[in-house]
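Let me begin by presenting the structure, written as structure tokens, before commenting on it.
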Amino acid sequence: MLNQASVFQEQFVPADIVHREDEVTTISNALRPIHSHGNPEVTFLFGPTGVGKTCVAKHTVNELEADLSDVDAQYVNCWQDYTRFGVLYKLLEGIDAHGTVHRQSTPKDELFNRLREQLSRPYVVILDEVDQLAEDHVLYDLYRIPEISLICIANRKDDVFPTLDTRVRSRLETGLELQFDRYSQSELVDILSGRVNEGLTAGVVTDDQLRRVAELASGDARVAIGTLRAAANAAHQSNATRITDAMITQGVPEARQRVEKDGLDRLTDHQQELYYIVKDDGPIAPGELYATYSERVSDPRCKRTVRKYLRKIEQYGLLESDGQKRARTYDER
DNA sequence: CGTCCACAGGAATAAGTGGCGT
DNA sequence: ACGCCACTTATTCCTGTGGACG
């Protein structure tokens, strides 16, 4: 019944993008100067998780690569490569020019210079989760290289721009900004249908069931597809020929946990403790949160450090804060 | 409506880590 | 083995500020 499990994987990029045609066109147009040896403005994609930002970016770049033979492209997730070094190295890797580089012994601008020298043709760079970039000025570095076209992805505009150096910001703010919103239920159904047609044997899941999955995912394609994957796996393992409603109901928490766990894995014990306090007791005021936290752990970190943790957890999309200063409350997302 | 203070977040500083060449 | 260097993480200190409260 599972013909092609890969279509349910996180990083899968479908050949046909549904319900994001306008976005694909807009980004395509933004990249158009590449055809005539110009250099495009920076493109920003904003929106919550599971709304297709990464997918659309990758798809559009794939199309461009298929169109033009003399163009390079590289995808960088700034979660993994969050330093200037990491990003530059990844970009050199993308054009097979990384050679031998030692983290410490390589002079500061060696990587940058090497990248600039090696580039002879357009290089489209997708910077995903760009708000996680610890060293912003690398954005400015890349901006200065004429061959490089940037597509930057982040959850919220406010996560990116306020932290940027003003000089960097003023350059980047002139770029194109695209806001992605949550999918509607029927849009999610269409997305799911596409995957089902490719990945599953006909008749394994009904249209009604897909509607149910879409409804439970509340606009998040990541959760929707994850739910379907979990249900399909459950059916596969029990040698069933069809997905049952129970499998779907069971798949939802599984998919959500997976999304949650993704972020949680990146947190330290202290950060996880904070997350669980907020999850259990939220919405919770800063003072109370810190009091509870210092009770629960044996060696509490100072307040300043806890504030840094909370900011980080919030950026992971696990928590959200509301209000300013004394009136602020932390709550689960 | 003014004062106060809990809070956010920047900067400087200290302590710890890991890879490197010698 | 050793020190060096780049870099990370936590702490202390500090400033600005918005909401609470008299």
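Every chain is numbered from 1 and lettered A, B, ... according to where its sequence line falls, protein lines coming before strand lines.
When only modelled atom types and interatomic distance are considered, A/Asp322 and A/Thr329 share no side-chain donor-acceptor pair under 3.5 Å.
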Response to the item:
Once base and sugar-phosphate atoms are separated, protein heavy atoms under 4.0 Å mark nucleotides 11-17 of chain C, 5' to 3', with B, S and - as BB---BB

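What separates CZ of A/Arg311 from C1' of B/dC7 is a distance of 14 Å, to the nearest Å. For A/Arg326 and B/dC5, the CZ to C1' distance is 5 Å, given to the nearest whole Å. Rounded to whole Å, the distance from CD1 on A/Ile313 to C1' on B/dG9 is 16 Å. Atom OH in A/Tyr290 sits roughly 15 Å away from atom P in B/dA6 (whole-Å rounding). In this structure, CG of A/Asp322 is placed 15 Å from C1' of B/dC7, rounded to the nearest angstrom.
Side-chain contact between A/Arg328 and A/Tyr330 is present, with heavy atoms from C-beta onward closer than 4.5 Å.
Interatomic distance, A/Ile153 CD1 to A/Thr43 OG1, rounded to the nearest 0.5 Å: 10.5 Å.
Within the structure, side chain to side chain donor-acceptor pair (under 3.5 Å) contacts touching residues 6-16 of chain A (residues at least two apart or in different chains) are A/Gln4-A/Ser6, A/Glu10-A/Arg222. Among residues at least two apart or in separate chains, there is no salt bridge (charged side-chain N to carboxylate O under 4.0 Å, His left out) pair with a member in residues 178-192 of chain A.
For DNA chain B, no neighbouring residue in residues 268-276 of chain A is found when judged by any heavy atom under 4.0 Å.
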Worksheet item: Can you list the steps and then say if A/Ile191 with A/Tyr183 is a side-chain contact (heavy atoms from CB on, under 4.5 Å)?
Response: CA-CA 10 Å; A/Ile191 290 167; A/Tyr183 290 111; 3.5 Å; yes

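Under the rule for a ring-ring contact (aromatic ring centres under 6.0 Å, His included), the partners of A/His270 that lie at least two apart in sequence or sit in another chain are A/Tyr293.
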Run the side-chain donor-acceptor check on residues 31-41 of chain A: report pairs under 3.5 Å with partners two or more places apart or on a different chain.
{"from": "A/His35", "atom 1": "ND1", "to": "A/Arg32", "atom 2": "O", "distance (Å)": "3.2"}
{"from": "A/Ser36", "atom 1": "OG", "to": "A/Pro33", "atom 2": "O", "distance (Å)": "3.3"}
{"from": "A/Glu41", "atom 1": "OE1", "to": "A/Thr174", "atom 2": "OG1", "distance (Å)": "3.3"}

